[in-house]
Protein chains: 2
Amino acid sequence: MTWQDRSGRIDHDGPVTVWQQVADDITADIESGELPSNSRLPSEAELTELYGVARGTVRRALAALADGGTVTVVHGRGTFVAAR
Amino acid sequence: MTWQDRSGRIDHDGPVTVWQQVADDITADIESGELPSNSRLPSEAELTELYGVARGTVRRALAALADGGTVTVVHGRGTFVAAR
DNA sequence: CCCGATTTGTGCGTATGTATC
DNA sequence: AGATACATACGCACAAATCGG
């Protein structure tokens, strides 16, 4: 898929934390099939840019997804959608 | 040109970010002609040493220059001054 | 064709300072 | 006081592309 600006999807003033919104947004793409199994997600730096959030926030979102088995992080290669 | 220590040019406590100072310093060399078109910049590791900053900071500076079309980064080869 | 060196790409972990809720 | 979030910066490890012998 083509990655474009997603900063508009983040509500910085609502009740849901930013990192949770990022995690939910990525999860939605995976469940919709836009992000196929084994496909690589944008890098942390790219996600930081795409969502307009801090790196720490991106890392927290990815950590939540990895913790739930949704994605797999590979040192030096990237973050991938877990195989179904 | 000969590359020597440039750590003295960086102010780690001022209002200007370190990566911006590095980017500005490199830009000055390009505009002065010391770094000709298509010439290769020092490697990220060398720039890290020369400026006495972290590699991530160097990469951020180079990313800014690449974003502005000043340089071109090539995986496995190096960073080059964009053709005039 | 293989091997090693070089260089960039990506991620890991952490720290500091500021601001806001 | 505490949690969240942003921005910057540090150092390190591993992966991948390139080039030379």
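Here is how names work: the chains are called A, B, and so on, in the same order as the sequence lines, proteins then strands, and each is numbered from 1.
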Exercise for review: Find which nucleotide of DNA chain D each of A:R60 and A:T48 is nearest to by heavy atoms, and output the residue with the more 5' nucleotide.
Suggested key: A:R60
**Study point:** D:dC10 phosphate, OP1 or OP2, under 4.0 Å from B:H12 side-chain N/O
**Key:** yes
Practice item. Could you tell me whether the phosphate oxygens of C:dT7, OP1 or OP2, come under 4.0 Å of any side-chain nitrogen or oxygen in B:T79? Key: no
Review point. Is any side-chain nitrogen or oxygen of B:T17 closer than 4.0 Å to OP1 or OP2 of D:dA7?
Key: no
Practice item. Specify the residue among A:V74 and A:Q21 whose closest nucleotide of DNA chain D lies further upstream toward the 5′ end. Key: A:Q21
Point to revise | Any B:T72 side-chain heavy atom under 4.5 Å of B:V81 side chain | key: no
Point to revise | Nearest-neighbour nucleotide for the B:R77 side chain, D:dC10, C:dT8, D:dT18 considered | key: D:dT18
**Study point:** Modelled atom types, side-chain donor and acceptor of B:D5 and B:Y51, under 3.5 Å
**Key:** no
**Study point:** Rounded interatomic separation in angstrom, taking CD from A:Q20 and P from D:dA3
**Key:** 18 Å
Review point. Is any side-chain N or O of A:W19 closer than 4.0 Å to OP1 or OP2 of D:dT4?
Key: no
Check your understanding: Where the side chain of B:R40 is defined as all heavy atoms beyond and including C-beta, which of D:dC10, C:dT7, D:dA9 is the nearest nucleotide?
Key -> C:dT7
Review point. D:dA7 P sits how many Å from B:D13 CG, rounded?
Key: 21 Å
Practice item. Rounded to the nearest angstrom, tell me the gap between atom CG in A:L47 and atom P in C:dC12. Key: 12 Å
Exercise for review: Please report, rounded to the nearest Å, how far the P atom of D:dC6 is from the OH atom of A:Y51.
Suggested key: 13 Å
Check your understanding: Could one point to a donor on the side chain of A:R55 or the base of C:dG11 with an acceptor on the other under 3.5 Å away?
Key -> no
**Study point:** Nearest to side-chain heavy atoms of B:E44, which nucleotide of C:dG9, D:dT4, D:dC6
**Key:** C:dG9
Review point. Do any side-chain nitrogens or oxygens of B:R59 fall under 4.0 Å of OP1 or OP2 in C:dG9?
Key: yes
Practice item. Quick one: label B:G56 by what it contacts on the DNA or RNA (base, sugar-phosphate, nothing), any heavy atom closer than 4.0 Å. Key: nothing
Check your understanding: B:I10 versus B:V22: any side-chain heavy-atom pair under 4.5 Å?
Key -> yes
Review point. Does one side chain, of B:Q20 or B:D24, offer a donor that lies under 3.5 Å from an acceptor on the other?
Key: yes
Exercise for review: Could you state the atom-to-atom distance from NE2 of A:H75 to C1' of D:dA15 in whole Å?
Suggested key: 9 Å
Review point. What do the steps show when you test A:L62 against A:L41 for side chain to side chain contact (heavy atoms under 4.5 Å, CB included), and what is the final call?
Key: CA-CA 10 Å; A:L62 293 179; A:L41 273 64; 4.0 Å; yes
**Study point:** Salt bridge B:R6-B:D29, side-chain N to carboxylate O under 4.0 Å
**Key:** yes
Review point. CZ of A:F80 versus P of C:dT10: gap in Å, rounded?
Key: 11 Å
Review point. Any idea which of C:dG11, D:dA9, D:dC6 is nearest the A:V73 side chain?
Key: C:dG11
Check your understanding: Can you tell me how far P of D:dG11 sits from CD of B:E49, to the nearest Å?
Key -> 11 Å
Point to revise | B:A54 side chain, from C-beta outward: closest of D:dG11, C:dG11, D:dA16 | key: D:dG11
